[in-house]
Amino acid sequence: MKIDRLIGILSILLQEEKTTAPELAKRFEVSRRTINRDIEDLCMAGIPIVTSQGAGGGISIMDGYKMDRTILSSKDMQMIMAGLRSLDSVSGSHYYGQLMEKLKAGSSDFVSGNESILIDLSSWNKESLSPKIELIQDAIELEKTLRFQYYAPGGETEREIEPYFLIFKWSSWYVYGYCLLRNDFRMFKLNRMTDIAHVKSFEKKQDVPVPDLSKEKVFPSDVRVKALFEPCMKWQLIEEYGAESFTEQPDGKLLFECDYADDEGLLSWLLSLRDKVTVIEPESIRRKMFHIATELTEKYRKE
């Protein structure tokens, strides 16, 4: 479609200092005459495009040009600002805040100060996370391996990875890279990493798989739990799993059913609910809950 081609041409002109009609014609698989007509249409739309002939000539956008309403509306800019501000909330370098100032420059006529969307992605442990994020960003950019201590349910290990992606998923930060210990791609949670340091340069792999962040991949379901909750816990079930996660019983109790990735995560959650939940199945979880409760009783009875 013509409008798609016009947007594509404008995007190229905004990113590249100069291009030529033959290059654009080849890229969009149209004739040079069509490109010339497209350039005329962009000029008529108010985009100050400059063309020059001869050696070193080509098509470019006038120096100092700033995008205005013809490209981005006030709402568009507000959404961009909200997104950048959310990234800056967890960045230790304040890069996104500086980028916001650049975007605001010359755009005050349609970027008001009355932001209606405020997003803060930083955790309560921002002071410890921000240095990690900055260190990992630098390692990815400089192509340096990362060495760190990693703490997981299976124990503590020292890892060294070739980092490729810094990932924010739901409420946690992760780094994804090639683990030299496991000889495979792995994802590590930043909150479980300590003593992070750059080690040595590495050559980036060409066939790096994009991390699969689906729930089925990250948290494969191994356990199906069925439990009865006291009515006073309805707010927590709705907040964490949604109103569809339970069925209200005639006596007011809430029948909850859900798949869990592992026993340890499930047990930690159930124990945090104290006596407000009764596990119905699986039987293996009931036995483990009884065993833990018995051990706790004996421990505090002795003390």
Inset, instruction - Name all residues meeting the ring pair (Phe, Tyr, Trp, His ring centres under 6.0 Å) criterion together with Tyr241; count only those two or more places apart in sequence or in a different chain, and write none if there are none. - result: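 Testing Tyr241 for ring pair (Phe, Tyr, Trp, His ring centres under 6.0 Å), a comparison that skips the adjacent residues, returns Phe256, Trp269.
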Legend entry - Tyr150: partners by ring pair (Phe, Tyr, Trp, His ring centres under 6.0 Å), with sequence neighbours left out: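 Tyr150 satisfies ring pair (Phe, Tyr, Trp, His ring centres under 6.0 Å) with Phe188 only.
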Whether the side chain of [X] engages the backbone of [Y] through a donor-acceptor N/O pair (distance < 3.5 Å, no angle test) should be reported.
{"X": "Glu160", "Y": "Glu158", "value": "no"}
{"X": "Lys253", "Y": "Leu228", "value": "no"}
{"X": "Lys288", "Y": "Leu267", "value": "no"}

Can a salt bridge be assigned to the pair [X] and [Y] using a cut-off of 4.0 Å between side-chain N and carboxylate O?
{"X": "Arg37", "Y": "Glu40", "answer": "no"}
{"X": "Glu162", "Y": "Lys204", "answer": "no"}
{"X": "Glu283", "Y": "Arg286", "answer": "yes"}

[X]-[Y] co-clustered via ILVMFWY side chain contacts under 4.5 Å:
{"X": "Val208", "Y": "Ile167", "answer": "yes"}
{"X": "Phe185", "Y": "Tyr174", "answer": "yes"}
{"X": "Ile12", "Y": "Val30", "answer": "yes"}
{"X": "Ile196", "Y": "Phe168", "answer": "yes"}
{"X": "Ile285", "Y": "Leu255", "answer": "no"}

Would you say that more than 12 heavy atoms from the other residues, nucleotides or ligands in this model lie under 6.0 Å from the [atom1] of [X], or not?
{"X": "Glu29", "atom1": "CD", "answer": "no"}
{"X": "Tyr151", "atom1": "OH", "answer": "yes"}
{"X": "Glu203", "atom1": "CD", "answer": "no"}
{"X": "Lys26", "atom1": "NZ", "answer": "no"}

Contact between [X] and [Y] at the side-chain level, heavy atoms closer than 4.5 Å - yes or no?
{"X": "Ser245", "Y": "Glu257", "result": "no"}
{"X": "Phe246", "Y": "Cys258", "result": "no"}
{"X": "Leu24", "Y": "Arg32", "result": "no"}
{"X": "Leu10", "Y": "Leu6", "result": "no"}
{"X": "Met187", "Y": "Leu213", "result": "yes"}

Legend entry - Gap separating the CZ atom of Arg301 from the OG1 atom of Thr294, nearest 0.5 angstrom: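 Rounded to the nearest 0.5 Å, the CZ-OG1 separation comes out at 9.5 Å.
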Legend entry - Nearest heavy-atom neighbours spanning Ile161 and Pro163: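 Minimum heavy-atom separation between Ile161 and Pro163: O-CD, 3.4 Å.
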Legend entry - Ring centres under 6.0 angstrom apart (Tyr164, Tyr178):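 No - the distance between ring centres of Tyr164 and Tyr178 does not fall below the 6.0 Å cut-off.
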Inset, instruction - Take Leu254 and Lys234, measure what side chain to side chain contact (heavy atoms under 4.5 Å, CB included) needs, and give me the verdict at the end. - result: CA-CA 7 Å; Leu254 312 170; Lys234 182 184 290 187; 3.7 Å; yes
Legend entry - Polar side chain donor-acceptor pair, Arg159 to Thr157, under 3.5 angstrom: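 Yes.
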Legend entry - Gln236-Glu240 side chain donor-acceptor pair, cut-off 3.5 Å: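 Per modelled atom types, Gln236 and Glu240 side chains form a pair under 3.5 Å.
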Inset, instruction - Decide side chain to side chain contact (heavy atoms under 4.5 Å, CB included) for Ile9 and Thr19; before the verdict, give the C-alpha distance in whole Å, the side-chain angles of both, and the deciding distance to 0.1 Å. - result: CA-CA 10 Å; Ile9 292 172; Thr19 187; over 6 Å; no
